[in-house]
Amino acid sequence: MYPPDCLIVKRPVPDVSKPCSDRKPWQAAARCSLSVVTGPSIMSSDPCSFSSFTRCVTKHLNLSLHLDFERHVIRAKVELTVEALEDRFATLTLDTRDLKILSVSANGQPACFSLGPKHSFKGTPLDITLPFDVSRGQHVIVEVTYETSPSASALQWLTPEQTAGKKHPYLFSQCQAHHCRSMVPCQDSPSVKHTYYAQVSVPKDLVAVMSAVRDGQEVDPQDNNRIIYRFRQPVPMPSYLIAIVVGALESREIGPRSRVWSEKEFADKAAYEFSETETMLKTAEDLAGPYVWGQYDILVLPPSFPYGGMENPCLTFATPTLLAGDKSLSNVIAHEISHSWTGNLVTNKTWEHFWLNEGHTVYLERMIGRCMESEQFRQFKAIGGWKDLQDSVNTFGANNPLTNLVPSLQDVDPDDAFSSVPYEKGFALLYHLEELMGGPEVFMGFVKSYIQLFAYSSVTTEDWKNYLFTYFKDKVRNTWTASGIYCPDTVSPSAGLPLTWEEAVPLALKMATEQGRMKFTRPLFREVFNFEKYRKEAVRVFLAHRAAMHPVTAGLVAKDLKVDASNSSSL
C-alpha cells in the first residue's frame, strides 16, 4: 500500500536532526532509535485475529461468488483446505465480520458452528466443530455458505452516478489490513498464506477482475444474463491480498506482462501514465530477484478509493489522482511493484511488524528510482518521506506508542495505527544500516538475500534482526544502542488555519469530497476542523458526503472530526 495521509502542517517544525547533527535527518532518527525495533514485549499471537492458526493453517481457498448489485451483497461459498497442526484436531475458529452464515460442512458432512460475541473491530469469531477428529498433517475441507452485509467494511458498492461512465454500477474491495473477514470467513492474519481459486458471477454488461491470473469465462448456466469469470492464484498469499473489482472495465496492453484496467474514460490516459511499468519491473528484478506472480496489471479505480495504491498480486489498485498527464506520480507504481517482493512474497507476521512490509518497500522503491534516475533522485524522495514522518509524529504526538517502529496493537484497531511511521521510520533505519554496512550495493545484497531466504513465508522483526546479525556477523552488533524507539519530534498542537487562508476553506472541502484518497481527504478535513470558525462546516460537509465515502475513509474521518458514528452528531 502506498504511504497514507500526512497532516498538512502550518507551523514551524523543529530540527530533529540535532541529536545526531552530522547525519541526514532520516539517518538521525534511525541512529537515535535503532535498538528497540522489537518493541515492548510483542505477543507471538496475532492480536487482530480470532482465528486458531496455532492449531491449523489454511492452505487453499476455493471461492464461488455471486454479486447482487440490487441488494449490495455477495452470496458466496468458500471451501477452505485446512491442515491440522496437532493430533485429534476437531475445532477451529475463523474470522468473520457482519457475515450471515448459512451452513458449514467438513468433507461434505454437516458441522456444528456458532458465532461468538461481536468485537468492535475484530468482528465475530466463527467457531466450528468438525464431525470427526483429524491427525496432525492431515487436510480437511471446510465449506462455509454465507452472505456478506451491505455494510461490509471490505466492499464499496457504487451507483452508476458515482462512476465515470454514469451507466453501470461498480464494486471494489479493500481488505488490508483486517477487512477480508467481512468478505470471506477465513484465518484473517498475515501469518497465514494460501493459494486460491475463484469463480465470480456478475451481470453480463460488467467485467470482473481479481488479484489472480485470469482463467477464462463463460455464460452463467443458472442465468444467461450473467457471466462467470474464473481466476487462479497459485502463489501462496495472505488473506488481505484477496481483491475483486467489478464494473464496466476496459483494458489496454502496456507491456509484455502488463495491462492497465479502468473505465473507458480513463483507459488511454492510464496507459500513457503507466507506460514505464515494464522498465520498473525489470529494474526491480535486477535488484530483488525474479518476479514470481506472472501477470502485473494495474487497475485505476473510481475517486473514492482511499489509498494511493494497493499491492494486490497480479493487479495493483491505483487511485485516479495519479493520472497527472506527465508520469510525475508513477513512483507510486514503483512502490506497488516493490511489494511483489517485500510484503507479498515476504510478509509481516502480524500488523505490529508492518514496517517489515513498508519500510523495505520504500527502500526498494527508492532503489528503483536510483537505478532509473539518480542517487540525487533517491535523496530527494527521502527528504519528502522525512517530512511525511514528521507530520505523522506531530499528528499522533511525539510520545504516542503508535510512533514506535513496532507498536503493540493489543486492543488497537490496525486502521487507527496506520500512518507514515512504518514506511518512513522503517526506511530511515534501513538507510542508516546501509551506510554503516558499506553502501547501497552492499546493503541491497542483504535485502535480496533476506527476500530469498524468507520468500513465501511471514516473518517478525526478530526474524529480520537475527538474519541481519547473521548476514553481517560482527558488523551490526556494535551499532545497536539501548535507546527508545520514539521519534524525538516535539511540536505544539496546531492552532488551525491562518486567517488569511479563510477563503481557501470551500476549495479544501471540495477537494476533500470530490475524491476519497485519505492522503488528501483526512488532512483537509482535519485542518478545516481545527479552524474553530469552520468546525461545524467541516462536520456538516462530512455528514453530507459520508454515504459516498469508502467505509474505512468514513470511519477514520469521523474519528478525526469527533463525530459519533451512531447518531451522526459531533461529540
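Here the structure is a predicted model, which is why all the values come from computation and not from measurement.
Side chain to side chain, K59 and T195 fail the donor-acceptor criterion of an N or O pair below 3.5 Å. A side-chain donor from one of T58 and Q187 sits under 3.5 Å from a side-chain acceptor of the other. No donor-acceptor contact under 3.5 angstrom links the side chains of T96 and R181, judged on distance only. At a cut-off of 3.5 Å, with distance as the only test, a side-chain donor of D297 or W261 sits close to an acceptor on the other residue. Y296 and S340 share no side-chain donor-acceptor pair at under 3.5 Å. Defined by atom type and a distance below 3.5 Å, a donor-acceptor pair is present between the side-chain atoms of Q515 and T521. The closest side-chain donor-acceptor pair between E83 and H60, if any, does not fall under 3.5 angstrom. Looking only at atom types and distance, the side chain of S149 has no donor-acceptor partner in the side chain of D98 under 3.5 Å away. For the residue pair H353 and D463, no side-chain donor N or O sits within less than 3.5 Å of a side-chain acceptor on the partner.
Just one of Y363, F469, F472 meets the ring pair (Phe, Tyr, Trp, His ring centres under 6.0 Å) condition when paired with F446; it is F472.
Between D286 and K282 no salt bridge is recorded (no basic side-chain N to carboxylate O distance below 4.0 Å). Ion pairing between R366 and E434 fails under the 4.0 Å rule for side-chain N and carboxylate O. Under 4.0 Å is where a charged nitrogen must lie from a carboxylate oxygen, and between K122 and D95 no such pair does.
Scanning all heavy atoms of the two residues, the minimum distance from A324 to S328 falls at CB-OG, 3.7 Å. Closest heavy-atom contact between A177 and D415: N-OD1, 4.4 Å. Between T93 and S52, the shortest heavy-atom contact is N-OG, 3.0 Å. Nearest heavy-atom pair, A243 versus F317, reported as atom, atom and distance to 0.1 Å: CB-CZ, 3.8 Å.
L345 places a side-chain heavy atom less than 4.5 Å from the side chain of V292. Put simply, the side chain of W386 does not reach to within 4.5 Å of the side chain of E424, judged on heavy atoms.
Close placement of the F172 and H550 rings is indicated, their centers lying within 6.0 Å of each other. Note: F427 and Y423 fail the aromatic proximity criterion, with ring centroids not under 6.0 Å apart. Aromatic ring centres of H194 and Y196 lie farther apart than the 6.0 Å criterion allows. Between W464 and W355, the distance separating the two ring centers is shorter than 6.0 angstrom.
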Practice task
Tell me, with the steps shown, if R378 and E375 meet salt bridge (Lys or Arg N to Asp or Glu O under 4.0 Å).
Solution key: CA-CA 5 Å; R378 184 171 77 129; E375 173 61 21; 3.1 Å; yes
Handout entry: Residue pair T361, T342: steps toward the side-chain hydrogen bond (donor to acceptor under 3.5 Å, both in side chains) verdict
Key = CA-CA 6 Å; T361 295; T342 51; 2.7 Å; yes
Problem - S189 vs Y240, side-chain hydrogen bond (donor to acceptor under 3.5 Å, both in side chains): CA-CA, chis, key distance, verdict - result: CA-CA 8 Å; S189 168; Y240 76 85; over 6 Å; no
